[in-house]
Protein chains: 2
Amino acid sequence: MVQETAVLDAAEHLFYDRGIQAVGMDEIRTTSGVSLKRLYQLFPSKEALVVRYLERRDKRWRDSLMAYVLREGGEVGAVFDWLYQWFSEPGYRGCAFINSFGELGATSPAVTAVVRHHKDELWGHLRELVDDDAKADRLLLLVEGAIVVAAIRQDPDVVRQAKAAAEALVSG
Amino acid sequence: MVQETAVLDAAEHLFYDRGIQAVGMDEIRTTSGVSLKRLYQLFPSKEALVVRYLERRDKRWRDSLMAYVLREGGEVGAVFDWLYQWFSEPGYRGCAFINSFGELGATSPAVTAVVRHHKDELWGHLRELVDDDAKADRLLLLVEGAIVVAAIRQDPDVVRQAKAAAEALVSG
DNA sequence: TAGCGCTGAGAACGGTCGTTCTCTAGTCTA
DNA sequence: TAGACTAGAGAACGACCGTTCTCAGCGCTA
């Protein structure tokens, strides 16, 4: 269990920072300190490890976002305040799910499924903050747009426009 | 010249469909019909080929978008009509630049630079359609969001909400 | 203490990657 | 015709990939 966590921590760090195909199992072994044999007992293949990495990140990411939003009173604007903090973290490199989808979506149905699930769940959370499906769609567009633009510009400030646009559409 | 085009056509097709690291130079050789030796005379490395592929796609993509928008009268909504057509093409797999950035951005400054340039230029085009920078930012967020969500959902219909939101923010 | 099973480190395996080299065949000049 | 140059096909190279295997060393039980 502690080893599984060590492997997932190492995998998440390396995969997110450098991309999945750029990281070999050997490097995960070295970083986690878990032997290759044990690593393959815990995860039968690299793809399985990737899927578990994404699943764990999905849960943690959504839990963190929604806990923050509730703590702040459940207003839509809080979503973007949370995003701003995330974008400002050193090493921010966009959304792990979008990145994984771009890299492996064409060849790995398992990865595609996790990514799709993550975005569906995110939509569901946003849906709870507004009063119809269309607004949830528009909110999702602003969130995804902000994630992508902040990553490519290496600048979290777009989130201000995203937040302002979101508040306008909610009140409208 | 005709060979260069053959190589770039093959590379673009393969890279976009399956991801860059998933495609080897051998497959580009086979698909293009250009020998490996000549291929390396035309492009000194795979990274150089990737950069050329992105540069060519950047120009073609933006030219196509802006020509369409102008033809339709230069209204913001036309951007999203063009996007809808693009999303509906078979084999649509999101934005080549976002995907390349996620896959190689961490390891290739050259790729990062082309991606950033592409998005900057896109922002510039959008800026011409509205009357201030903030609206161009918000438009870009909706465009990027639509590109990502349509790809992951495999459904072009989000573009309707993107278009409606864009028209609301422009008139507001 | 003798023998057994489990563990870990890392060597080894087959395959593929990006890149370079070899070698053959053809074309042009003198 | 002889010889120098080019270009093509694809073998070869070294590195590294994901995955499996070997084997020495450890803690158990009797």
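Sequence lines set the chain letters: A, B, ... in the order given, protein chains first and strands last, and positions in each chain run from 1. What's counted below: heavy atoms across the whole structure, side chains too, no hydrogens, waters or symmetry copies.
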Q: Starting from the C-alpha separation in whole Å, work towards a yes-or-no answer on salt bridge (Lys or Arg N to Asp or Glu O under 4.0 Å) for Arg52(B) and Glu12(B).
A: CA-CA 10 Å; Arg52(B) 273 294 292 128; Glu12(B) 179 161 1; over 6 Å; no

Q | Pair Asp133(A), Trp123(A): side-chain N/O donor-acceptor within cut-off below 3.5 Å | A | no

Q: Let me have a per-nucleotide readout for nucleotides 4-21 of chain C, 5' to 3', with B, S or -, counting only protein heavy atoms under 4.0 Å.
A: ---BBSB-------SBB-

Q: For the pair Arg18(B) (side chain) and Ala106(A) (backbone), establish whether a donor and an acceptor sit closer than 3.5 Å, ignoring hydrogens and angles.
A: no

Q. Are Asp120(B) and Arg116(B) ion-paired here, with the side-chain N under 4.0 Å from a carboxylate O?
A. no

Q. Between dC17(D) atom P and Leu104(A) atom CG, what is the distance in whole Å?
A. 15 Å

Q) Angle class for the Trp82(A)/Trp61(A) ring planes (parallel below 30°, perpendicular above 60°, tilted otherwise)? A) perpendicular

